[in-house]
2 protein chains.
Amino acid sequence: MQSERVSEAVIRRLPRYYRHLLQLKADGVERISSGSLAQQMRLNASQVRQDFNCFGGFGQQGYGYKVDVLLAEIKNILSLNGKYKVVIVGAGNIGQALAHFEGFEKDGFSVVALFDVDEKLVGQEINGKPVLHVDKLDAYIRENGADIGVIAARRSAAQEIADRMAQAGIGGIWNFAPVDVVASVPVEQVHMSDSIICLSYKMAHKETAE
Amino acid sequence: MQSERVSEAVIRRLPRYYRHLLQLKADGVERISSGSLAQQMRLNASQVRQDFNCFGGFGQQGYGYKVDVLLAEIKNILSLNGKYKVVIVGAGNIGQALAHFEGFEKDGFSVVALFDVDEKLVGQEINGKPVLHVDKLDAYIRENGADIGVIAARRSAAQEIADRMAQAGIGGIWNFAPVDVVASVPVEQVHMSDSIICLSYKMAHKETAE
DNA sequence: TAGATTGTTAATCGATTAACAATC
DNA sequence: TAGATTGTTAATCGATTAACAATC
């Protein structure tokens, strides 16, 4: 399957399925129907089945879906079986917080190095990971084959960092700078400030989750 | 206008317009047409006009939009003219990073206090903001009238914190825990791990920004 | 006035939801 | 077999895009 391009809307739901199935498995649930899953996740049963069938038929008619099978399939679709080497550019607040955050390890994302221009930071270690000068970024990626580059630098530096990362052969970019960077490799823009601004809007216009 | 409910898709674009217009103003641009704006933001000109007309006619036929007028209108729609008092629950990596981050101040979001269960943290200051025991959360909100509550705690504590915040009269919740919390006030879920997982998907399936 | 560009209605496109035959 | 639930096609709904009259 997946002859057709999978829509962004479906892709955005995949991590939610993944998280929810992890929880179900942890709770000892062995099988689940599209109906129950939809109810728990506040989705529509048809939508759940449509989503899964973008990638193949993982269920059994009359029975439902085996939680461990479905989880394994989605984990595979999301490509979460391997290890990803992550480099972080910008060892300020966000960069340091990400370097300390253990939550990504369990999905295979390991921070291997940080980069900064600040000479006071260069040479130090953050949570056991070295902080290198940003001039070494390109060489480091080429020599060590980093998979994901995190941009936790100021807005004005973001695009140049993205260019250098892509040029050096990074696999993908996770951008925390408040600007949309463009690259020849996949980019995920985080835009945290957009998120709190949307909250401000919703508060002013009293939009409550149902 | 805004007789009809504004769709989530439009709301999500509002912070992008806001950011882009701030930049245009900083660059000294005085007026802009929907066509140019659409081109710069990689949107469609009709879409830009439709979006703005959810809230009223801010343009002049034959002329376009005055950047400062449009900016002021959108800032107002987003309710970014006032000040928001922000409390952060969880003074770990994320909580501390947010307390240090200066970027939100310019949009009117000021962190006033952090809360944690860890006795080693309670009583300290982070970037000049006090860390209080989480037991004091409810009383603090009631007495000081916090507007936004940030949940930067572990997954298992998130929903209870949300309940307490809402009960104590918080205006809105910004949730960084990897679980969808439900509340009687507006909630923005951040789900950072979903974002990096989507990146993993896109890398595996070679989806590049055009 | 003529030219440009909005505001707004209509057409298209895509995503969600419903329906149901296939089948475990 | 009968009941349940999927996989998949069809219908609906909403968002995006196109078209164009209004008007600055």
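Below, read A as the first sequence line, B as the second, and so on, with proteins coming before strands; counting in each chain starts at 1.
A/Leu43 places its CG atom 8 Å from the P atom of C/dT17, with the value rounded to the nearest Å. One atom, CG of B/Asn44, and another, C1' of C/dT6, lie 14 Å apart when rounded to the nearest Å. One atom, CZ of A/Arg49, and another, C1' of C/dT16, lie 13 Å apart when rounded to the nearest Å. Straight-line distance from the CD atom of B/Gln47 to the P atom of D/dA15: 11 Å, rounded to whole Å. Rounded to a whole Å, the OH atom of A/Tyr63 is 13 Å from the P atom of D/dG7. The separation between B/Arg31 atom CZ and C/dT5 atom P is 7 Å, rounded to whole Å. Distance B/Arg5 CZ to D/dC13 P: 17 Å, rounded to the nearest Å. Rounded to an integer number of Å, the gap from CD1 of B/Ile11 to P of D/dA15 is 10 Å.
With no hydrogens or angles considered, no side-chain donor-acceptor pair links B/Tyr84 and B/Ser110 at under 3.5 Å. Side-chain contact, B/Asp163 with B/Gln159: a donor N or O sits under 3.5 Å from an acceptor N or O. Side-chain contact annotation: B/Asp180 with B/His191, donor-acceptor N/O pair under 3.5 Å present.
Within 6.0 Å of the CD atom in A/Glu105, the count of heavy atoms belonging to other residues, nucleotides or ligands exceeds 12.
Scanning atom types as modelled, no donor and acceptor separated by under 3.5 angstrom connect the side chain of A/Gln50 and the base of D/dT6.
For the pair B/Arg31 and B/Tyr63, the distance from NZ or CZ to the six-membered ring centre is under 6.0 Å and the angle to the ring normal is within 45 degrees.
Contact annotation: B/Arg13 side-chain N/O to D/dT16 OP1/OP2 distance is under 4.0 Å. Here B/Ser34 does not reach the OP1 or OP2 of C/dT5: none of its side-chain N or O atoms lies under 4.0 Å away. OP1 and OP2 of C/dT6 both lie 4.0 Å or more from every side-chain N or O belonging to B/Asn53.
Comparing A/Gln60 and A/Ala9, the nucleotide of DNA chain C nearest to each residue sits closer to the 5' end for A/Ala9. Of the residues near DNA chain C, A/Gly62 and A/Val10, the one whose nearest nucleotide (by heavy atom distance) lies more toward the 5' end is A/Val10.
Each of C/dT17, D/dT6, C/dG7 was ranked by its minimum atom distance to the side chain of A/Ser33; first place goes to D/dT6. The listed nucleotides are C/dA15, C/dT16, C/dG7; the one nearest the side chain of A/Ser7 is C/dA15. Closest to the side chain of A/Tyr65, out of D/dC24, D/dT8, D/dT6, is D/dT6. The side chain of B/Gln61 has C/dT6 as its nearest neighbour among D/dA15, C/dT6, D/dT17.
Base pairing of C/dT8: its partner is D/dA19, meeting the Watson-Crick or G-U wobble criterion (both donor-acceptor distances under 3.5 Å). When both pairing distances are held under 3.5 Å, C/dG14 makes a Watson-Crick or G-U pair with D/dC13. Applying the Watson-Crick and G-U wobble criteria (two distances, each under 3.5 Å), D/dC24 pairs with C/dG3.
Here the CG atom belonging to B/Asp107 is positioned 10.5 Å from the CG atom belonging to B/Asn81, to the nearest 0.5 angstrom.
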